[in-house]
Amino acid sequence: MAAQSQPTSEQLLERILSSLSDDKAEDVVQIDLRGKTAIGDYMVLASGRSTRQVAAMAEKLTDRLKQEYQLGCKVEGKDTGDWVLIDTGDVIVHIFRPEVREFYQLEKMWMPAGAAAAPAAEG
C-alpha cells in the first residue's frame, strides 16, 4: 500500500497513533503545536515498559512510515532505548521509558497553563 503523495500532518499523526497502539504503547498523548512553534504540527509522547519495547516501537514506526509513505525519519536515542526521538517533519514523536518521561515532563513544557494533555483517541 504505497502512498502516491506525501501524507498530510493529520494522516501522518493518525498512522503514528495507530502504530503505537498496535505495539502496546502506554500513556499516549498528542499535543497540537500548530501556531505555537515551527518545529512541527503535532507532538506525540508515549511510554514503553522497557528499553527493548521503546527501541522496538521506534523501529517498527520508522519502518512503517518508510514503507507506506517513503518517509525517511530522523531518529535519536534508539541505541539506548530510554528516550527515542523520531522527527518525521510534521510530527515529532517521543517514546520514553516511564521513569525518563516523568523526569523530563515534556507535556508540561508544551501544554498551555492549566490544560491537561489530551489522551490520544483509541484506534
Side-chain angles (χ1 to χ4, degrees):
M1 180 174 103
Q4 298 301 329
S5 62
Q6 286 295 98
T8 65
S9 56
E10 288 75 19
Q11 289 169 323
L12 196 54
L13 175 65
E14 187 176 309
R15 185 60 185 109
I16 289 166
L17 295 174
S18 170
S19 178
L20 292 171
S21 176
D22 290 348
D23 294 334
K24 309 290 188 247
E26 298 177 350
D27 301 321
V28 179
V29 172
Q30 68 184 60
I31 300 171
D32 189 339
L33 298 178
R34 294 172 297 179
K36 296 178 188 172
T37 180
I39 66 169
D41 291 341
Y42 297 98
M43 183 178 293
V44 174
L45 296 97
S47 296
R49 292 181 297 283
S50 65
T51 57
R52 179 174 287 188
Q53 185 189 19
V54 168
M57 284 190 294
E59 180 81 26
K60 286 182 181 179
L61 175 59
T62 56
D63 286 349
R64 288 171 179 145
L65 294 177
K66 183 173 185 131
Q67 199 165 24
E68 293 174 29
Y69 300 120
Q70 293 73 49
L71 188 65
C73 303
K74 297 179 188 134
V75 180
E76 299 286 336
K78 195 174 69 169
D79 292 339
T80 58
D82 287 329
W83 173 4
V84 181
L85 171 97
I86 303 166
D87 184 353
T88 71
D90 290 333
V91 182
I92 311 298
V93 182
H94 299 272
I95 307 174
F96 299 93
R97 279 190 313 103
E99 308 80 46
V100 178
R101 184 174 180 174
E102 178 63 30
F103 180 80
Y104 287 102
Q105 298 187 4
L106 289 186
E107 288 98 328
K108 288 186 179 179
M109 183 186 315
W110 288 99
M111 296 302 298
E122 290 293 315

dist Thr88:OG1 -> Ile16:CD1 (nearest 0.5 Å) comes out at 4.5 Å
Enter the distance from Arg97:CZ to Gln53:CD here, rounded to the nearest 0.5 Å. 12.0 Å
Qualifying residues under salt bridge (Lys or Arg N to Asp or Glu O under 4.0 Å), relative to [X], sequence neighbours excluded:
X	value
Asp23	Lys60, Arg64
Glu102	none
Asp27	none

Could you tabulate the donor-acceptor pairs under 3.5 Å formed by side-chain atoms of residues 71-79, not counting sequence neighbours?
residue: Lys78; atom: NZ; partner: Glu59; partner atom: OE1; Å: 2.3

Write down the atom of [X], the atom of [Y], and the distance for their closest heavy-atom approach.
X	Y	value
Leu20	Ala46	CD1-CB, 4.1 Å
Ile95	Val93	CG1-CG1, 3.9 Å
Gly48	Pro98	O-CD, 3.0 Å

So, using ring-ring contact (aromatic ring centres under 6.0 Å, His included) as the criterion, who are the partners of Tyr104 when residues are at least two apart? Trp83
Enumerate the salt bridge (Lys or Arg N to Asp or Glu O under 4.0 Å) contacts for residues 38-52, please, sequence neighbours excluded, ordered by first and then second residue. Glu26-Arg49
Backbone N or O of Ala58 within a donor-acceptor pair of the Thr62 side chain at under 3.5 Å? yes
Show your working on side chain to side chain contact (heavy atoms under 4.5 Å, CB included) between Arg101 and Glu107 and close with a plain yes or no. CA-CA 9 Å; Arg101 184 174 180 174; Glu107 288 98 328; 2.4 Å; yes
Check the pair Ile31 / Tyr42 against side chain to side chain contact (heavy atoms under 4.5 Å, CB included), numbers first and verdict last. CA-CA 6 Å; Ile31 300 171; Tyr42 297 98; over 6 Å; no
Within a 6.0 Å radius of atom CD on Gln11, are there more than 12 heavy atoms belonging to other residues, nucleotides or ligands? yes
